[in-house]
Amino acid sequence: MWFFIARRVLYAVPILLGVSFVVFLLMKMVPGDAADILIPPEAPKEVAAMIRARFGLDQPIHIQYLRWLQAMASGDFGVSIFTNQPVADELFGALANTLKLALPAAFLGCSLGMLLGVLAASYSGTWLDKLFSVVAITGVSLPHYWVGMVLVATFAVVLNVLPGQGMGPEGFPWTWEHAKHLILPVITLSLIPMGVVSRLVRANVLEIRSMEFVSALAAKGLMGRRVLFHIMKNAAPSALALMGLQLGYLLAGSILVETVFNWPGSGSLMNLAIFRRDIPVLSATILVLATIFVAINILVDVLQALIDPRLRR
Amino acid sequence: MSWQDWTGWRLAGLTTVVWLGTVAASVPAIAQGTLRIAMTATDVPTTTGVPNNGFEGVRFMGFTAFDALVNWDLSKADTTADIVPGLAESWQQDAGDRKKWTFKLRSGVSFHDGTPFNADAVIWNLDRTFKQGAPQFDPQGSAINRGRPTYLAEDGYRKVDDSTIEFTTTRPISYFPYVLTTLFYVSPTAFEKAGSWAEFAKAPVGTGPFQVQNFKPRISVDLVKNAGYWDKARVPKLDKVVLFPMPEANTRLAALRSGQVDWIEVPPPDSINGLKQAGYEVVANSYPHVWPWVLNTAKADSPFRDAKVRQAINYCVDRDGLVALLAGTAEPSVGFFKKGDPRFGSPKNDYKFDPAVAKKLLAEAGHGTGKTVRGKIMISTSGSGQMLPLPMNEFLQQSMKQCGFDISFEVVEWGTMLVAFRAEPTAPQAINSDAMNISLVSSDVSMVVRWFYGDNATPQGSNWGHWRSPEFDALLRKMEGASNQDESRKALAAMHEILVDDAPWVWIVHDRNPRAMTKQVQGFVSAQSWFQDLTRVWIK
């Protein structure tokens, strides 16, 4: 098992290096750098040169990349070209804000998805199956920024019972004042995981339920809950993989949902950094998010292997 | 019980229990006299006394917390705002050497930390922007401050005594006080305590009517009343202003209508009637803003090298139709300044939508019957002051077909447009465009120089289209060297007549700076300026 984990972690290194290199390359393909956007032409050339030198923008791209990699490896995330604030402060602040949305959204989406998936499979072919399937497909198909706007219009503007934007007070979200800011964006974000998990679980449960071992278990007189346990155990690995991916997407922050709800998370930070060509912020954000994404996938791989020993081979 | 039933009801029960937290909402109590504003900015403007986020940043994080030597008079809604003494009580241009200016500083002014404002503080702040070896030199701040031309000579400022500063400019500049309106002054002592501009930004100290507190990047910032403000007529009536960056127009609208903020900048035009019907106040007023197409006169095959084509396209703008599309949040533009402004002058061309005149001019320019004039315009998807660039430009494209213009677009994001605007019009960044739709400031005469002076062609200056008129440039020199206001105004009006008639830009609309607020917001005077005075506002 330890060998399995070590191998997965080692695979992550070239993936992260690849991500960081591609990000750097893409930023260089966009016209202009941060200094071009920050500095009007009337500003003296020596000031422009000073800013370029301070952030290494005057160096060839491979030198910029290697220097940045070296700094990141030593835990130095650098400073934002626009705000002068340490990137680590901006990034981890934004990431914490995104976590406040992503974790409840993932929990809600995945739990509802499992529920709907199992119910749809249980009542396969009936009107209930069709109803749950319609709910799941609608969740996946509706553009979630549009759903967000409809929810805001309904609950914030017309009914005026929930706030339509912002995060409310700072700190850990354990009061009602915090929670009420979470409700609409969490519901919006949970729709896609709910839909995709539900469809997968339904298909898996139906497939496993038709297997001979389930009939054998029922014939042996096992109670319903014991039969379900065996079905779910067999359906779990693929559902877990999907949920891991969904959590990864949510942690990366949704630019659109964060824009609609004016939520200062990692998606909106990345969006701002792209428009400002703020390379230190953008590169660090993408690398940290990619690391989280890869870490979640490793965790899912390990969990799958724990549930299903065949995967360890 | 079958396994299906067990599954369904147990899981449904579990989910219900977890999500039962959603009970009735309660509205938080807001302290009396707190005004909450949703800005269009993407971030809280920098709080160090050099606000970024363009002139919206200066509006909310410039004149609120800081002062310049020269401030704007924002007390009137019926005339274009002009300058008034700020931290300088008076100023004088040297009659013998017109490159020298003496500024007498206001006495008895203190920074928010109680330290005195004096000539040493002025020199320290100027060194922050202009002296590269100074410990307080701020490269990013310097780039922004010097990006708006100051015309200061090398070592162009000195302390005469504790309350007097002398400036020297590179050439005589009759409008020099105007260029000082965006140089703000902060406490040197507070910076020394903070140790860096990044730390200073967390608790900045200026002299303004409000003091910055609770700076939370990308979330909000508080401006708290400075009861000891030096201008007793402008001590804020409000206890506090809270600023929220909220770039998405519909989010701002929802925040206002759900009671999360009291005031929003730039409501979506199609929401204005609904807001009025729902009892909100929608305030709009003329202000010095232009939404033009800046024409490329440098590109070899640009149709706009020919003045007749430039005039023709100005006769082919359905300005009234565009204003209707924008629900009256803009007004027609037929020049850099507005009609009725003494600086407008008496140009020969009075542009209106007249396809017959446009076709006649095109024929004279060699584009006879049946020939179309092709032009590619760089437009942005959004951006500072850009209004609604996509529908507005599509509207223009349609209306211009009637005159024989075949307009296509190069759509870019705002950052790409800024980069192109700062490069030469023939550079690859321009993507072979014949014009650029970029909204620009017309706040004062210095901006005329910035956008149109022949020597200010990009990449040294901001004259992107590289339009040059020797007659205009001669008048500009005359205006800059004028020894009295009358002489200066006459030269400026003559310059403006050339701008209208030779048409380096397509004059399209001026924005009217709409903002919506609740009926509880009282005392606001919508000044004809990019900046506004929040000290007069109070909450009923």
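Values below: every heavy atom of this structure, side chains too, minus hydrogens, waters and symmetry copies.
Of the two parts of A:Leu272, only the side chain, counted from C-beta on, holds a non-hydrogen atom closer than 4.5 Å to a non-hydrogen atom of chain B. In this structure, chain A has no heavy atom under 4.5 Å from any part of B:Pro428. Neither the backbone nor the side chain of A:Ala218 comes within less than 4.5 Å of any heavy atom of chain B. For B:Asn463, no part sits under 4.5 Å from any heavy atom of chain A, backbone or side chain. Heavy-atom distances place both the backbone and the side chain of B:Pro139 under 4.5 Å from chain A. Using a 4.5 Å cut-off between heavy atoms, B:Asp138 contacts chain A through its side chain alone, with no backbone atom that close. At a 4.5 Å heavy-atom cutoff, the contact between B:Gln260 and chain A is made by side-chain atoms alone. For B:Glu413, the part lying under 4.5 angstrom from a heavy atom of chain A is the side chain only. Heavy-atom distances place no part of B:Phe421 under 4.5 Å from chain A, backbone and side chain included. Heavy-atom distances place both the backbone and the side chain of B:Thr42 under 4.5 Å from chain A. There is no contact between A:Ala179 and chain B, counting heavy-atom distances below 4.5 Å. Proximity to chain B (any heavy atom under 4.5 Å) is restricted, for A:Met167, to the side chain, taken from C-beta onward.
Taken from CG in A:Leu269 to CG in A:Asp278, the straight-line distance is 8.5 Å, to the nearest 0.5 Å. Here CD1 of B:Ile431 is found 9.0 Å from CE of B:Met417. Values are rounded to the nearest 0.5 Å. In this structure, A:Ser198 OG and A:Phe132 CZ are separated by 9.5 Å, a value rounded to the nearest 0.5 Å.
Proximity of B:Asn214 to B:Val221: side-chain heavy atoms (C-beta onward) are nowhere separated by under 4.5 Å. Using a 4.5 Å cut-off on side-chain heavy atoms (C-beta onward), A:Leu57 and A:Ile81 make contact. Side-chain contact between A:Glu90 and A:Val281 is present, with heavy atoms from C-beta onward closer than 4.5 Å. Side-chain contact between A:Pro41 and B:Ser462: present, with at least one pair of heavy atoms (C-beta onward) separated by less than 4.5 Å. With contacts defined as side-chain heavy-atom distances shorter than 4.5 Å, the pair A:Leu128/A:Leu119 does not qualify. A:Trp263 has its side chain out of reach of A:Val257: every pair of non-hydrogen atoms, C-beta onward, lies at least 4.5 Å apart.
Heavy-atom proximity under 4.5 angstrom to chain B picks out A:Val47, A:Met50, A:Ile51, A:Arg54, A:Phe55 from residues 47-56 of chain A.
A side-chain N or O of B:Ser380 and one of B:Gln386 form a donor-acceptor pair less than 3.5 Å apart.
Chain A forms the most heavy-atom pairs under 4.5 Å with one residue out of B:Thr46, B:Ile219, B:Asn52, B:Leu418, and that residue is B:Ile219. Note on B:Met246, B:Arg257, B:Lys202: by heavy-atom pairs under 4.5 Å with chain A, the leading option is B:Met246. Of the listed residues (B:Pro149, B:Gly461, B:Ala254, B:Ala255), the greatest number of heavy-atom pairs within a distance under 4.5 Å of chain A belongs to B:Gly461. Looking only at heavy-atom pairs under 4.5 Å with chain A, the residue among B:Gln429, B:Lys216, B:Glu199 that has the most is B:Lys216.
Ion pairing of B:Arg36 with B:Asp262 is present here, as a side-chain N (NZ or NE/NH1/NH2) and a carboxylate O approach within less than 4.0 Å.
In this structure, A:Phe229 places its CZ atom where only 12 or fewer heavy-atom neighbours from other residues, nucleotides or ligands lie under 6.0 Å away. No more than 12 heavy atoms of other residues, nucleotides or ligands lie within 6.0 Å of OH in A:Tyr145, so this atom counts as exposed by the packing criterion.
The salt bridge (charged side-chain N to carboxylate O under 4.0 Å, His left out) with A:Glu42 is formed by just one residue from the set B:Arg422, B:Arg146, B:Arg148, B:Arg450; it is B:Arg450.
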